[in-house]
Structures are given as C-alpha cells and as structure tokens.
Amino acid sequence: MSAFAAAESRPAPDAIAVELVAAHKTYPNGTQALLPMDLAVREGEFLTLLGPSGCGKSTLLHLMAGLQAPSGGAVRLWGRRVAEIEASGHRLSFVFQDATLMPWARVDANVRLPLDLAGVARPEADARVRAALQGVGLARFAGHRPRELSGGMQMRVSIARGLVTEPTLLLMDEPFGALDEITRQRLDGDLAELWRARRLTVVFVTHSIFEAVALSTRVVVMAARPGRVVEQHVIDEPYPRGPDFRVSTRFAEHARVLQDALLRASAGEDDDGGGAPA
Ligand SMILES: Nc1ncnc2c1ncn2[C@@H]1O[C@H](COP(=O)(O)OP(=O)(O)O)[C@@H](O)[C@H]1O
Ligand SMILES: [Mg+2]
C-alpha cells in the first residue's frame with residue numbers, strides 16, 4: 001500500500017510540463033523573433049535559456065506564459081493550451097526582470113496582490129503571504145515599503161509574489177540581471193533551494209554563462225537574427241552548487257562548452273565585435 005501511495009504522490013518522471021511544437025513568432029513589423037522550434041521541458045527541470053540580447057529569450061518565455069500568441073505551431077502546458085492550465089491542476093507564475101512593485105504599498109500588500117486579484121479571503125491570504133515572505137527570508141520586512149529595501153530584497157519580494165499562488169511552473173526573465181555579483185549569487189542559491197524543496201519546474205532566462213552553469217539541469221543556447229536554438233547542454237552536477245563549485249574545474253568545463261556554443265552561434269553575425277582582421 002505504501003509503495004502505491006508513494007507512486008501516486010510523486011509526479012511521473014517524464015511528464016512534460018512545457019511543450020513547443022514548431023512554435024514560431026514573427027512580430028507585425030516583420031521581425032523574426034523565433035524560428036519554428038520544438039522544445040520539451042520535463043516536470044522538475046531547471047531549464048535555462050541562454051543567449052545574447054535579441055535572440056528571442058523573452059519572446060519564447062512570453063509564448064510559454066501566454067503573454068504572446070505564437071504566429072504558428074503549438075504551445076502546451078501539461079498537454080493543454082496555455083489558457084487551460086488550471087484545468088490540469090497546475091499554475092504558472094512569471095517573474096519579470098524588474099521587481100515591478102507598487103511603491104506606495106507595503107511589502108506584504110505587494111506579495112498579496114495575486115491573491116487579492118483571485119479573490120482569496122483575507123485570513124487565508126495573509127497566512128500564505130507570511131509563508132511566501134518566510135520562503136525568501138523577508139518575514140521581518142512585511143511592513144516595509146519597497147524603497148526601504150535593497151535591490152536584492154526587492155527582487156525577493158517579487159519572487160515571493162510569484163510563489164504566493166503556489167505555482168508548479170515558474171517562468172523567470174533575467175530576474176537577477178540588475179543585481180551586484182554577490183547578491184546575485186546568493187539569490188541564485190536561494191532560488192535553487194526553492195526549486196528543489198518545492199519540486200518546481202523552472203524556465204529561467206539569462207545571458208550569463210556562469211548563472212546558467214550554477215543553476216540549471218539543462219541549458220538551451222540561442223542565437224539571434226533570426227532567433228533560434230543552436231545547442232543544448234545538460235549540466236549533470238549535484239546541488240547545492242555553492243561558492244566552491246563556482247571556482248571548480250567542473251564549473252569551468254561547463255562554462256567553456258556554453259561559451260564555445262555562443263561563439264559558434266555568433267560567428268556568422270556582423271563583426272563589429274572586433275572578430276575580423278582589419
Ligand atoms: N513587440 C515587439 N515588436 C517587434 N519586435 C519585437 C518585439 N518584441 C521583441 N522584438 C524583437 O524580437 C527580437 C527578439 O526579442 P526578445 O525576445 O526581447 O529577445 P531577448 O529577450 O533575447 O533579448 C529582437 O530583435 C527584438 O527587437
Ligand atoms: Mg529579454
């Protein structure tokens with residue numbers, strides 16, 4: 001009986017959380033932001049989209065979230081159309097590059113916003129806000145205004161707001177890009193912990209090779225003009241990936257693979273980066 005219960009309570013190992021089938025995007029002005037692509041993100045993966053500015057990372061994430069419609073092809077979440085995700089018993093949250101907090105509202109009210117919008121009653125909502133703030137280490141700052149917090153703390157508030165609805169899929173668009181290196185490393189570590197503890201599926205966007213190696217189970221390398229996937233790289237390393245891992249030989253080997261992929265991907269592009277001899 002116990003074996004059966006355990007099997008039921010765990011997700012099937014190969015359940016596909018996000019699937020793109022020949023999905024592509026051309027904006028009305030003619031920009032080919034994404035060529036047709038097939039991609040499957042398995043439940044529980046920490047998948048990172050890595051590539052230079054303009055390669056379509058945000059566009060791809062927006063297609064997954066239903067913030068943009070594909071020009072063709074299909075996007076599915078747990079086998080359903082994006083708008084029908086709730087019927088699958090799953091929820092997604094999107095964390096933007098900026099914290100985008102309401103400056104006049106307290107931290108707890110900012111985090112409660114998605115619950116207020118969903119009509120969750122106050123006592124229940126307050127309890128979930130407290131838990132979400134605790135999860136990002138900000139329990140003591142519930143009564144503060146955003147401007148009283150550092151940039152890193154504001155991003156934590158934004159992540160707490162993303163977690164308060166208890167999503168199973170977290171889509172994050174360069175969430176730590178504006179932070180200093182050490183703050184970023186700390187938030188990377190905290191995020192990896194949350195991902196593991198809650199068995200989230202994460203799709204994470206960055207242009208940092210190092211952040212990709214520190215966080216991901218798999219990295220999809222993209223190139224621009226037109227936007228497309230050029231390579232994939234699995235990072236089969238144990239977690240937690242602490243400060244020692246970041247200066248290890250293994251880390252450097254993964255970073256080199258990703259760097260080579262990015263260099264190959266940009267080799268055909270214009271040369272104002274200084275590649276060609278005079
Ligand atoms: N709303 C839009 N209308 C027209 N072009 C867009 C729009 N959004 C993005 N683009 C273009 O699509 C390409 C991919 O953009 P984006 O997905 O934002 O890339 P990334 O996030 O990797 O920097 C870029 O050339 C960008 O200028
Ligand atoms: Mg972007």
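Both counts, for ligands and for their atoms, begin at 1 and track the order of listing. Position 1 is the first residue of the sequence, and the numbers go up from there.
In this structure, E148 does not pair ionically with R145, as no charged nitrogen and carboxylate oxygen lie closer than 4.0 Å. Under 4.0 Å is where a charged nitrogen must lie from a carboxylate oxygen, and between D188 and R246 at least one such pair does. A salt bridge does not link E181 with R184: none of the charged nitrogens is closer than 4.0 Å to a carboxylate oxygen. A salt bridge links E231 and R264; the closest N-O separation between the charged side-chain nitrogens and carboxylate oxygens is under 4.0 Å.
One side chain, E237 or H254, offers a donor N or O that lies under 3.5 Å from an acceptor on the other. Of the N and O atoms on the side chains of E211 and T206, at least one donor lies less than 3.5 Å from an acceptor on the other residue. Using a 3.5 Å distance cut-off with no hydrogens or angles, the side chains of Y27 and S71 do not pair a donor with an acceptor. For the residue pair R161 / T100, a side-chain donor-acceptor distance below 3.5 Å is found, with atom types taken as modelled.
The aromatic rings of F251 and F245 sit perpendicular, their planes meeting at an angle over 60°, well past the 30° parallel limit.
Among protein heavy atoms, the minimum distance from atom 14 (C) of ligand 1 is reached at G54 O, 3.4 Å. When hydrogens are left out, the protein atom nearest atom 5 (N) of ligand 1 is Y27 CD1, 3.4 Å; that is the closest non-hydrogen contact. Residue, atom and distance of the protein heavy atom nearest to atom 16 (P) of ligand 1 are T59 OG1, 3.7 Å. Protein heavy atom closest to atom 18 (O) of ligand 1, with residue, atom name and distance, is S58 CB, 3.8 Å. Looking only at heavy atoms of the protein, atom 19 (O) of ligand 1 is closest to G56 N, 3.1 Å.
Atoms OG1 and CG, from T201 and L169 in turn, are 6.0 Å apart once rounded to the nearest 0.5 Å. Separation of atoms CG (L50) and OG1 (T48) is listed at 8.0 Å; rounding is to 0.5 Å. Here L187 contributes atom CG and I159 contributes atom CD1; the two are 6.0 Å apart, rounded to the nearest 0.5 Å.
Against a heavy-atom cut-off of under 4.0 Å, N29 is close to the following atoms of ligand 1: 4 (C), 5 (N). Listed by number with element, the atoms of ligand 1 under 4.0 Å from a non-hydrogen atom of S53 are 23 (O). Near K57, with a cut-off below 4.0 Å to any heavy atom, the atoms of ligand 1 are 17 (O), 19 (O), 20 (P), 21 (O), 22 (O), 23 (O).
Closest heavy-atom approach to atom 12 (O) of ligand 1 among the candidates G30, P28, A33: A33.
Partner of W78 under the side-chain hydrogen bond (donor to acceptor under 3.5 Å, both in side chains) criterion, chosen from E84, E19, H90: H90.
Heavy atoms of P52 approach ligand 1 to within less than 4.0 angstrom.
Only the side chain of T31 comes within 4.0 Å of ligand 1, counting heavy atoms alone; its backbone N, CA, C and O stay farther away.
Geometrically, ligand 1 and C55 share a nitrogen or oxygen pair separated by less than 3.5 Å.
Contact annotation for atom 9 (C) of ligand 1: protein present (non-hydrogen atoms, distance under 4.0 Å). Proximity of atom 22 (O) of ligand 1 to the protein is indicated by at least one non-hydrogen atom lying closer than 4.0 angstrom.
For the Mg ion (ligand 2), protein N, O or S atoms under 2.8 Å: 1 in total.
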